[in-house]
Amino acid sequence: MTVPGCIVEYIESGKFFCALVTADTGKRFRLLNQNGRELNLPASRILLSSKTRYNSNESRTTLLHILEKAVENRRELTKEIDLAEIWELAVQEDQKSFSATFLAELQFGGELTDDRIAAFLRAVFTDRFYFKYKNGMITVHTEEQVEQLRHQLKKEQEQEALLTEGANYLQQIYQGETVSVDDWPRLPQVLEWLAEYVLVGNEAEQAEQIRQLLQRAGLNKPHDGYTLLVNAGIWQRDENLALLKADQPVDFSDECLQQAQSLADADVETLLADPKRLDLRRLNTFTIDAASTRDYDDALHVEQRGDTVRIGIHIADVGYYIKPGSPLFEESLERCTSLYFPEGHVPMLPPVLSQGVCSLIQGQPKPAMSFLIDLDRQGTIIHSKIVRSLIQVKRRLSYMEVDATLEKNPESEPDLYLLNAIAQTLQQQRVNNGALLLSLSDVNIDVRNPEKISVRLSPVDTPARSLVSEMMILANSVAASYLAGQEAPGLFRSQPPPRKRIISGIHNAMQDIARQRRFLSRGELTVHPKPHSGLGVNCYTTVTSPIRRALDLIIQHQLAHMISGRGILFSNDECKTFSGLIGQKLARAAGVRQQRHRYWILRYLEPMQGKTLPALVVGQGPRRVNLLLLDCLFDIDLPPNPAFPVDPGDTVRVRLARVNPLDNVLRVEW
C-alpha cells in the first residue's frame with residue numbers, strides 16, 4: 001500500500017529511481033526523488049512501496065539522506081543476487097507467477113527488508129533472461145524462453161562486435177589499405193552482403209545490417225559501398241552493374257563445362273555416314289567477319305552457272321553438338337544470346353565450343369547447314385534447298401580486306417565482285433518492297449585506357465558489311481519460307497509497317513534515319529509467319545547465328561529434323577513456349593546492353609562536363625527537341641528555347657551541364 005512516508009521504486013528512461021511519497025492527491029502521488037526532484041506520478045508508475053514509513057515532514061536534507069542510503073543499499077544488494085539459482089528453483093514449480101517478496105525470500109532467506117525486496121526487483125529488470133515483471137507479479141520464463149533469450153543476446157553481441165570491428169576495417173579498405181581474411185575472418189561474408197546491397201538496395205537480405213555498418217563507419221555517401229567493393233578487389237572500377245542486376249548468367253555451371261569439354265570435333269567419316277549430309281569440302285568457301293572475330297558461324301561461296309548464279313550460305317551446324325534437353329541447350333535458352341560490351345563479351349556457349357568445336361575455322365572440316373540458292377540475273381530465286389553438309393573454309397577474310405578489294409581491284413576477286421553485285425540487287429529488291437535501311441554508324445567505344453575513353457564511328461553500310469548482311473537476310477528468308485511452305489511451326493520474326501514513313505530508297509540523310517527510328521513499330525516473335533515490313537520480306541526467321549542466338553539454334557534443329565525426313569521436332573505448343581521465353585530473355589539482354597552502352601558513353605562524356613559538343617536536331621515537338629550528339633550518336637532531349645529556334649537537320653552546340661555515369665545522369669543545356 002502506497003501512503004505518504006513510503007519509499008517507492010519507479011523507472012524513468014530505463015533507470016530505477018527511489019522516491020519518498022510526500023502527499024497523496026487522490027489520483028497521483030507527490031514524490032521527492034533521490035536527486036532532489038519533486039514530481040507527480042500516477043499509481044500505475046509505482047513498482048514497489050516500502051512497508052517502513054518515514055516522517056515526510058522531516059527536513060529536505062534528512063529525506064534526501066534517507067533516499068541516498070536506500071539507493072546505495074539496494075545497489076549493493078542487487079550485486080549479490082543470483083537469478084539463475086532462483087530461476088532453477090522456481091521453474092520446477094507448477095506455479096509460474098510469484099510476488100517479488102516470495103522470490104526475494106528464496107534469495108536472501110531470514111528477515112526480508114524493503115531494500116532486499118527492491119534489490120531483487122531491480123535484478124529482474126536488469127537481467128531479463130529468467131523472469132518478467134508484469135502487473136505487480138514476476139513470471140518465470142520456461143527453459144525454452146531462456147534459451148531463446150540467450151540466443152538473441154548472443155546475436156546482439158555478435159552484431160555489436162561486427163559493427164564495432166567491421167566499421168574499423170571498412171574504413172581501412174575505403175582509405176586504400178589492405179585488409180585480409182586473416183585480419184578479419186568475416187570479410188568475405190560482409191563484402192558479399194555489401195555487393196547485394198549495392199545492387200538491390202533495401203531488397204537485400206542483410207540490408208539493415210549493412211546500412212548500420214556503413215553508418216557506423218561514417219560511409220554515408222551514395223557510392224561509398226561501390227568504392228569499398230572496388231578497393232577490396234571484388235569489383236572493377238567500371239563494374240558492369242547492369243549485368244549483375246539483371247541476373248544474366250555469366251559463368252557456366254560445372255555440368256555445362258563438363259559437357260562442353262566432352263564434345264570433340266566431329267569425325268569426317270562419322271559425318272559422311274549420314275547419307276543426307278553432303279560433302280561440300282571442294283567448294284571455295286570463305287568467311288567475312290571483323291578482324292577481331294573469334295567465333296565463325298557463317299561462310300559463303302558463289303558459283304556462276306550459265307545464266308544463273310548459285311549462292312551457298314553455310315551455317316555452323318551447332319545443333320549437331322548441342323541436343324535439345326542437354327545442359328548446354330537449356331543454358332542457351334536461359335542466356336538466349338551472346339552479349340557484347342566494349343570491355344568484353346558474355347558468350348551464349350562456352351568458348352571451347354563457340355570459338356573452337358562449333359566454329360567454322362579456316363582449314364578445318366566442319367559440319368554445317370548449307371543454303372544453296374539459285375538466282376537469275378534479276379536476283380529472283382529460281383530454286384533453293386537446305387541441306388546438312390560438311391564444309392572446309394578455304395579463306396578467312398576481314399571486312400576491311402573485302403572493302404579494299406571491291407574498291408580498288410574487284411576483278412582480282414571475281415567471287416567477291418559477283419556476290420557484291422547480287423547483294424546490291426537483293427537490297428534494291430527489298431527497298432522496292434518497302435524495306436527501311438536505317439544504317440547509322442556503329443559506335444565503337446575503346447576502354448583499354450580507363451583514364452581516357454575514346455569513341456570512334458564506323459559505317460555499317462560498307463560493301464563488305466552490306467554483302468554479308470544481304471546474304472544472311474536471304475538465308476533467313478529461305479528458312480522461313482521453307483517452314484511456312486511445310487506449314488511447320490517455328491519462331492518467325494515480323495514487324496508491322498512504321499507508324500509514319502519518313503525515308504525511302506537506299507541513301508538517306510542522318511537526321512531522317514534517326515527520325516524514322518522513332519516511328520518504327522514494335523517487332524513480334526510468332527509461331528506462324530507474318531510480313532516483316534522493316535526488312536521488306538513476306539516471312540522471316542533467324543538461323544544464321546546458332547553460336548550466338550538461342551532462336552537460331554532452335555530453328556536449326558527444326559530445319560535439320562525436317563530436311564532429314566524425320567518430320568517436325570518442336571510442336572506448335574513448344575514453339576509458343578520458346579517464343580515467350582525468348583521474348584523475356586531477349587528483353588533482359590537488350591536492357592543490359594542499352595544500360596552498359598549508356599554507361600560507357602557517359603564515361604566518355606564525363607571529362608567534357610562544362611564543355612559544348614555538336615548535336616544534330618532530329619525532331620521537334622511542342623515540349624521537347626530531339627537531338628543526336630554527333631561524335632557518339634547519343635540521343636538527348638531538350639525543352640525548346642524560344643530565343644534559339646531550330647529546325648530538323650540543323651547542327652547546334654549543346655553544353656554538358658552534368659555528367660555522372662554511376663548515377664546515370666546526363667544533363668545538357670542549350
Side-chain angles (χ1 to χ4, degrees), residues 1-25 28-141 146:
M1 182 177 180
T2 304
V3 295
C6 288
I7 292 179
V8 297
E9 294 271 330
Y10 71 93
I11 292 178
E12 187 172 298
S13 300
K15 295 181 180 180
F16 268 93
F17 285 88
C18 274
L20 190 123
V21 180
T22 58
D24 181 355
T25 63
R28 303 175 76 86
F29 293 99
R30 189 173 299 148
L31 308 177
L32 173 69
N33 77 4
Q34 65 196 53
N35 296 327
R37 178 186 165 204
E38 295 184 12
L39 65 158
N40 291 317
L41 282 185
S44 60
R45 290 281 306 278
I46 293 174
L47 301 176
L48 189 69
S49 298
S50 68
K51 294 179 181 179
T52 304
R53 308 285 187 270
Y54 298 90
N55 186 356
S56 58
N57 293 321
E58 293 281 356
S59 67
R60 183 183 180 89
T61 301
T62 300
L63 295 177
L64 288 176
H65 178 71
I66 292 171
L67 289 172
E68 288 171 5
K69 185 176 180 181
V71 169
E72 181 62 28
N73 285 342
R74 295 175 183 192
R75 283 176 179 167
E76 291 301 317
L77 287 168
T78 300
K79 297 176 184 178
E80 301 175 13
I81 295 173
D82 185 352
L83 285 184
E85 183 178 322
I86 303 303
W87 173 79
E88 287 179 359
L89 295 173
V91 78
Q92 305 299 326
E93 301 290 330
D94 293 335
Q95 184 179 343
K96 296 305 176 186
S97 293
F98 303 90
S99 67
T101 301
F102 176 81
L103 294 176
E105 189 173 10
L106 290 179
Q107 169 66 40
F108 293 106
E111 181 184 354
L112 274 182
T113 64
D114 292 328
D115 289 345
R116 285 180 170 180
I117 297 171
F120 190 86
L121 188 62
R122 288 184 176 216
V124 168
F125 274 86
T126 302
D127 183 348
R128 297 176 183 265
F129 274 142
Y130 304 103
F131 301 98
K132 180 179 180 180
Y133 179 85
K134 186 176 181 181
N135 299 328
M137 298 294 287
I138 297 175
T139 301
V140 182
H141 286 157
V146 171

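Values below: every heavy atom of this structure, side chains too, minus hydrogens, waters and symmetry copies. Index from 1, following the sequence. Everything numeric in this text was worked out from a predicted model, so none of it was measured.
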Checklist outcome for this item: Between the OG1 atom in T113 and the CG atom in N73, the distance rounded to the nearest 0.5 Å is 8.0 Å

Checklist entry - Which heavy-atom pair separates A100 from F120 by the least distance, and what is that distance? => result O-CD2, 4.3 Å

Checklist entry - Just by distance, do the side chain of N33 and the backbone of L20 share a donor-acceptor pair under 3.5 Å? => result no

Checklist entry - With distance as the sole test, does W87 use its side chain to make a donor-acceptor pair with the main-chain N or O of H141 at under 3.5 Å? => result yes

Checklist entry - CG of D127 to CZ of R122: how many Å apart, nearest 0.5 Å? => result 15.5 Å

Checklist entry - Between E76 and K79, is there a side-chain N and carboxylate O pair less than 4.0 Å apart? => result yes

Checklist entry - Which heavy atom in Q34 sits nearest to a heavy atom in L67, and how many Å separate them? => result N-CD1, 3.9 Å

Checklist entry - Any idea how F17 and Y10 line up, ring-wise: parallel (<30°), tilted (30 to 60°), or perpendicular (>60°)? => result parallel

Checklist entry - Less than 4.0 Å between a side-chain N and a carboxylate O, is that true for R116 and E111? => result no

Next on the checklist: For R30, I'd like to know if atom CZ has over 12 heavy atoms of other residues, nucleotides or ligands within 6.0 Å.
Outcome noted: no

Next on the checklist: Between T62 and E58 (side chain of the first, backbone of the second, donor and acceptor by atom type, cut-off under 3.5 Å), is there such a pair?
Outcome noted: no

Item to check | Minimum heavy-atom distance between S56 and G5, given as atom pair plus value | outcome: CB-N, 4.4 Å

Checklist entry - Does the R60 side chain pair with the main chain of G36, one donor and one acceptor, at a distance under 3.5 Å? => result yes

Checklist entry - Between K51 and D114, is there a salt bridge with N-O shorter than 4.0 Å? => result no

Next on the checklist: Please give me the minimum heavy-atom distance between V140 and A90, naming the atom from each residue.
Outcome noted: CG2-CB, 3.8 Å

Item to check | F129 backbone acceptor or donor facing K132 side chain under 3.5 Å | outcome: no

Checklist entry - Got a donor-acceptor contact below 3.5 angstrom from the E93 side chain to the Q95 backbone? => result no

Next on the checklist: Here's a test for you: under side-chain contact (heavy atoms from CB on, under 4.5 Å), which of I86, L121, V91 qualifies with F131?
Outcome noted: I86

Item to check | R37 bridged to E12 by N-O distance under 4.0 Å | outcome: yes

